[in-house]
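Below is one structure, written out as structure tokens; the observations come after it.
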Amino acid sequence: MLLPHYTLRTPTPADADACYAIETSAYEGDEAATLEKIALRIRQYPAGFMLLEIDGRIAGFINSGCADQVALSDSAFKELVGHHPDGRHVVIMSVVVHPDFQGQGLAAILLHNFILRMRRLGKHSMLLVCREQHIALYERFGFAYQQPSASAYGGHSWHEMVLQLR
């Protein structure tokens with residue numbers, strides 16, 4: 001498969017609406033972050049937010065926060081409560097590709113480059129919760145399955161995964 005020409009970049013506040021549109025097109029119901037949460041993540045931790053563009057259009061993104069102590073079931077962290085940019089552990093909140101661009105390997109490009117960025121920043125580990133159908137994707141990038149999550153975010157069951165970066 002030929003991958004499209006793409007650009008990776010850090011978002012600006014002006015990107016919040018486009019990211020929100022992608023988030024709501026790819027996640028079900030309450031799973032999607034609000035526009036306010038996305039704008040907050042861009043403002044408070046731009047290093048933890050990576051956009052992938054194709055022909056000037058945002059096709060997908062990853063966003064995260066950091067902490068020294070992580071409880072993946074803590075829904076307040078999605079609003080960056082407890083976030084500290086120098087925290088050792090990265091918590092991924094969204095890995096999302098617009099439906100028009102799915103199936104082209106873009107999530108893999110985002111993950112690969114985001115992992116490299118976090119290693120360069122000296123982070124110790126990367127954690128996330130995902131739906132069951134995405135476990136294999138994250139395992140391909142070295143994430144290890146931990147356990148079912150206590151989180152019922154969006155009314156769904158989730159699974160905790162971790163990647164050691166050091």
Side-chain angles (χ1 to χ4, degrees), residues 3 6-11 15-16 19-20 22-23 26-27 31-33 37-53 58-98 101-102 104-154 156-166:
L3 292 176
Y6 63 88
T7 302
L8 296 170
R9 68 175 177 86
T10 302
D15 295 315
C19 290
Y20 175 68
I22 293 169
E23 178 96 358
Y27 285 113
E31 286 180 44
K37 286 180 185 175
I38 290 172
L40 177 72
R41 294 169 191 173
I42 291 171
R43 270 193 327 274
Q44 288 205 358
Y45 192 47
F49 207 124
M50 180 180 281
L51 300 180
L52 186 148
E53 288 183 327
I58 299 171
F61 63 89
I62 291 180
N63 66 66
S64 67
C66 290
D68 284 321
Q69 300 292 322
V70 176
L72 287 174
S73 61
D74 181 5
S75 62
F77 194 76
K78 296 221 177 256
E79 296 175 34
L80 295 182
V81 173
H83 162 73
H84 190 279
D86 295 326
R88 295 172 295 174
H89 309 290
V90 179
V91 179
I92 293 178
M93 297 183 211
S94 296
V95 177
V96 61
V97 174
H98 189 284
F101 295 98
Q102 290 177 2
Q104 299 179 42
L106 301 184
I109 291 169
L110 279 163
L111 279 166
H112 173 76
N113 285 283
F114 192 75
I115 291 166
L116 291 175
R117 177 188 283 181
M118 293 301 122
R119 281 193 169 121
R120 281 193 302 270
L121 290 174
K123 302 303 180 184
H124 291 221
S125 69
M126 192 175 293
L127 303 99
L128 59 82
V129 294
C130 67
R131 302 283 299 279
E132 185 172 358
Q133 65 264 29
H134 297 116
I135 291 171
L137 167 69
Y138 294 112
E139 286 177 336
R140 285 196 303 271
F141 285 88
F143 283 83
Y145 182 84
Q146 297 299 293
Q147 63 192 7
S149 177
S151 174
Y153 191 72
H156 300 285
S157 61
W158 298 89
H159 300 273
E160 297 181 7
M161 302 193 74
V162 65
L163 171 66
Q164 297 303 321
L165 298 172
R166 299 178 106 186

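Starting from 1, each residue takes its place in the sequence as its number.
Every residue meeting the salt bridge (charged side-chain N to carboxylate O under 4.0 Å, His left out) condition with Arg88, not counting sequence neighbours, appears here in chain and number order: Asp68. Taking the side-chain hydrogen bond (donor to acceptor under 3.5 Å, both in side chains) definition, one finds that Arg166 meets it with His124, sequence neighbours left out. Taking Tyr20 as the reference, Thr24, Leu35, Ile38 meet the side chain to side chain contact (heavy atoms under 4.5 Å, CB included) condition, with sequence neighbours excluded.
From Phe101, atom CZ reaches atom CD of Glu53 across 10.0 Å, with rounding to the nearest 0.5 Å. Atom-to-atom distance recorded for Arg120:CZ and Leu165:CG is 12.0 Å, nearest 0.5 angstrom. How far CD1 of Ile42 is from CG of Leu51: 7.0 Å, rounded to the nearest 0.5 Å. Atom OH of Tyr45 and atom CE of Met93 lie 10.0 Å apart (nearest 0.5 Å).
Side-chain contact between Met126 and Ser64: absent, with no pair of heavy atoms (C-beta onward) separated by less than 4.5 Å. Considering only heavy atoms from C-beta on, Leu110 comes within 4.5 Å of Leu8 through its side chain. The closest side-chain heavy-atom distance from Phe61 to Val96 is below 4.5 Å. By the 4.5 Å heavy-atom criterion applied to side chains, Trp158 and Arg131 are counted as neighbours. In this structure, Leu137 and Leu111 have side chains that are in contact, with non-hydrogen atoms separated by less than 4.5 Å. Side chains of Ile92 and Phe114 form a contact here, defined as non-hydrogen atoms less than 4.5 Å apart. Looking only at side-chain heavy atoms (C-beta outward), Cys66 and His83 come within less than 4.5 Å of each other. Side-chain atoms of Val129 and Gln146, non-hydrogen and from C-beta on, never get closer than 4.5 Å to each other.
Between Phe143 and Tyr138, the two ring planes are perpendicular [angle over 60°; tilted spans 30° to 60°].
A donor-acceptor distance shorter than 3.5 angstrom exists from the side chain of Lys123 to the backbone of Gly87, with no hydrogens or angles considered. With hydrogens and angles ignored, the 3.5 Å screen pairs no side-chain donor or acceptor of Gln147 with any backbone N or O of Glu160. Within the 3.5 Å criterion, the main-chain N or O of Ala47 finds a donor-acceptor partner in the side chain of Arg117.
Heavy-atom contacts from other residues, nucleotides or ligands closer than 6.0 Å to CD of Glu132 number 12 or fewer.
Taking both residues in full, the closest heavy atoms of Ala26 and Val97 are given as CB-O, 4.0 Å, listed atom of the first, atom of the second, then distance. Here the closest heavy-atom approach between residue Asp15 and residue Pro11 is recorded as OD2-CA, 3.3 Å. A pairwise comparison of heavy atoms in Ile135 and Cys130 identifies CG1-SG, 3.9 Å as the closest pair.
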Report task. For side-chain contact (heavy atoms from CB on, under 4.5 Å), just list the numbers for His134 and Leu128, CA-CA rounded to whole Å, side-chain angles, deciding distance to a tenth of an Å, and then say yes or no. Result -> CA-CA 11 Å; His134 297 116; Leu128 59 82; over 6 Å; no
Query raised in the report: Yes or no on side-chain contact (heavy atoms from CB on, under 4.5 Å) for Ser94 and Arg41, after CA distance, side-chain angles and deciding distance?
Result: CA-CA 11 Å; Ser94 296; Arg41 294 169 191 173; 4.0 Å; yes
